[in-house]
Amino acid sequence: MTRVKVSKNNHHTDQFSDPHNLIVRRGQTFSITLHLKPGSEEFNLGETTFSLIVETGPAPKDESDIQVSFPLTCTIVDTDWSAMAYADPSNAVSVIINSSPNAPVGLYSLTLDQDGQKTRLGQFILLFNAWCEKDAVYMDGEERGEYVLKDYGLIYRGSPTQIKGLPWNFAQYEPEVLDICLKILGEKPRFALDTDQDYSKGDPIYVARLLSAVINSNDDRGVVVGEWYNFDGGVHPGTWTGSGEILHKWAESGPVRYGQCWVFAAISCTVFRALGIPCRVVTNFGSAHDSDASLVIENIYDEDGKRISDDSVWNFHVWVECWMMRPDLEEGFNGWQVSDPTPQETSEGIYCCGPVSQKAVKEGELTTKYDAAFVFAEVNADYLDCILMSDGRLVKKGGSTKLIGKHISTKAVGVDERKDITHEYKYPEGSEEERRVFEKAKHHNKLEKSGEEPGLHLKIKLTEEMTLGSDFVVNALLTNNCMDVRNCVFQFSAKAVCYNGKKGEECCFTSDKVELSPGEEKHYSLKVEYNKYGPVITADRLIKLSAVVIDKTTVDISTAERTIILDEPDIEIKLLGDIQVNNPVTAELTLLNPLPEPLQDCSFTAVGAGLTDSKPIIIKIGTVPPKEEAKASVEFTPTSAGSKVLLISFDSDKLKNIKLHIDIDVKE
């Protein structure tokens, strides 16, 4: 038998571009046609027989899940490797092969064994199968099209009151990306040193934990280096528009500099979807980083109102959820599992997190594998105000149970809209179910939700549009709700911050020693000027407003915080030409410089699968004077028909990571 022809039936792998390998999903049949050598004996079912051998991994072991030999049978067995054959006209034999729904995923070789004479037939790639009911990642319904097949998505960032979707090209179908994902699957983190890794590649639980460890580079030769402050020697995390370029860079030269939480999550989503595990990117607004596992974020001030605590609340944090069965847990914890590749804290000695059942988080099952307590705190921790007295006492004086875990978001199925899934992580605040969960979680530090106002009360008010490049005024209202006079220290400040809550340099500040009569109100204004915040603001365009008032005599404290995202200019786009396959299209791009100073090193970037050959087109335009327009023309030629997404970004020295995406319908 010399020539082999292969075919697959509805494996949902047609979009992968691999000219060398058949790509199929496990637990599902595919067929090969064997063409007999001239002069060979005629194939007779029941008389002529042979076996097939499939192998994967660098050192396959006989009769294990990574080297399997199986004979021809009369019928297909859908729970294991099996094959049946029948004679075709023209001196050929058709063989139908079924793979085990539990087989390790990866690159396989296929060998024919006839009476001890072995003939290598070729190789194929086996993926997880969300369409097979016997596969641990089986998912019913149209969601599979989004969570496995979709190569584009939105990642939500911003703040609870200013949520914006970042377009992202997951790029799992780009040339060589699947091979790179299989290479990542071959990495061996420290937690897997004592495991049979090739065998474990069939277990989505193992795969999810491995990916949360090797997407970051903290312990291993991981894909992305995390950085939140100094981006010298690499690419600013906000510059990336897709996973393809990052994965290619890693395959060529190792860990890629730099990434932040949404980059780690996006790369993870690409690998999950490429391997066939349903996956979605999730954003938690007001995400607690509970470094001491107390389930409380302590906002500690000294007696003069200066904040001195270490725990942080991220403006937002992004992770992924992957869909799978959890036979290692008690009943009821199948479905979405949280997996977080951003290196925050160690788990079992390495920087990884999950997979942990989303349902376990909601039910407060904090001992559930893996890292349930950490994820629970991210969406449920309390925010507690404390004063560190000069004599060393730490006085706890109230706070909030409503600041953490807000507007938990993911892209909706089939449309470019945000879906709020907060209810999948937590019960409504103050509900009987929520109290039951916290009792189970033994959260003895939970604050009473009495709704009583503190003696002193602060509120920050925003009165103007706040656009990058402009000056604006913010206000604070201080009220004495007590029946006696209060003598207080008041501070009101604005600081540039990163999205992870870490404060940068101060933009402006005011303070006062004030005496308030019972019921008295006092208004404070703070002018935030571009010449003060412009030099220190980060690419996140975030300014945190913080007001604090302390009465040292009664040890009373009230705080108010607001994080504002300065409005960015919009990119305008105009498409010229007929949008059809192999026909050049020109995109005219425009952006107004809103700053009172020139922008240097300006550039537009355009990228889109099936539009720009999956490679970014960069147009450099140099300097743009203040209040003038940056203009560029980008030409691209669509290579395939259908619905496509074009991603446009603008970058400069002072204005970075401005993004736009548009849907394009390409005709034949």
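FYI, the numbering just counts along the sequence from 1. Below, each value reflects all heavy atoms present in this structure, side chains not excepted, and no hydrogens, waters or symmetry copies.
Remark: aromatic rings of Tyr425 and Trp336 are distant, center separation not under 6.0 Å. Two rings, from Phe30 and Phe124, have their centers less than 6.0 Å apart. In this structure, Tyr108 has its ring center under 6.0 Å from that of Trp81.
Counted within 6.0 Å of CE on Met139, heavy atoms from surrounding residues, nucleotides or ligands total more than 12; the atom is thus considered enclosed. Counted within 6.0 Å of NZ on Lys615, heavy atoms from surrounding residues, nucleotides or ligands total 12 or fewer; the atom is thus considered open.
The side chain to side chain contact (heavy atoms under 4.5 Å, CB included) with Leu52 is formed by just one residue from the set Thr111, Leu121, Asp113, Val68; it is Leu121.
Annotation: side chain of Leu647 is in contact with side chain of Val645 (closest heavy-atom distance under 4.5 Å). Two residues are said to be in side-chain contact when any heavy atoms from C-beta on lie closer than 4.5 Å; Ile184 and Leu247 meet this criterion.
For the pair Arg25 and Phe128, the cation does not sit on the ring face, since its NZ or CZ is not both under 6.0 Å from the ring centre and inside 45° of the axis. Judged by the 6.0 Å distance and 45° axis criteria, Arg273 is not positioned over the aromatic ring of Tyr147.
Side-chain contact of Asn129 with Gln28: a donor-acceptor pair under 3.5 Å is present, judged by distance alone. The closest side-chain donor-acceptor pair between Asp371 and Ser347 falls under 3.5 angstrom. For the 3.5 Å distance criterion, the side chains of Arg418 and Thr410 fail to qualify, holding no donor opposite an acceptor. Using modelled atom types and a 3.5 Å distance limit, the side chains of His317 and Gln344 yield a donor-acceptor pair. In summary, the side chains of Gln358 and Gln337 do not present any donor paired with an acceptor at a separation below 3.5 Å, with no hydrogens or angles considered.
Ion pairing between a basic and an acidic side chain is recognised when a charged N comes within 4.0 Å of a carboxylate O; Glu146 and Lys411 show such pairing.
Every residue two or more places apart in sequence or in another chain was checked for a ring-ring contact (aromatic ring centres under 6.0 Å, His included) with Trp250, and none qualifies. Residues satisfying the ring-ring contact (aromatic ring centres under 6.0 Å, His included) criterion with Phe636, sequence neighbours excluded, are absent altogether.
A side-chain donor-acceptor contact under 3.5 Å links Asn216 to the backbone of Tyr351.
Between Gly106 and Thr56, the shortest heavy-atom contact is C-OG1, 4.2 Å.
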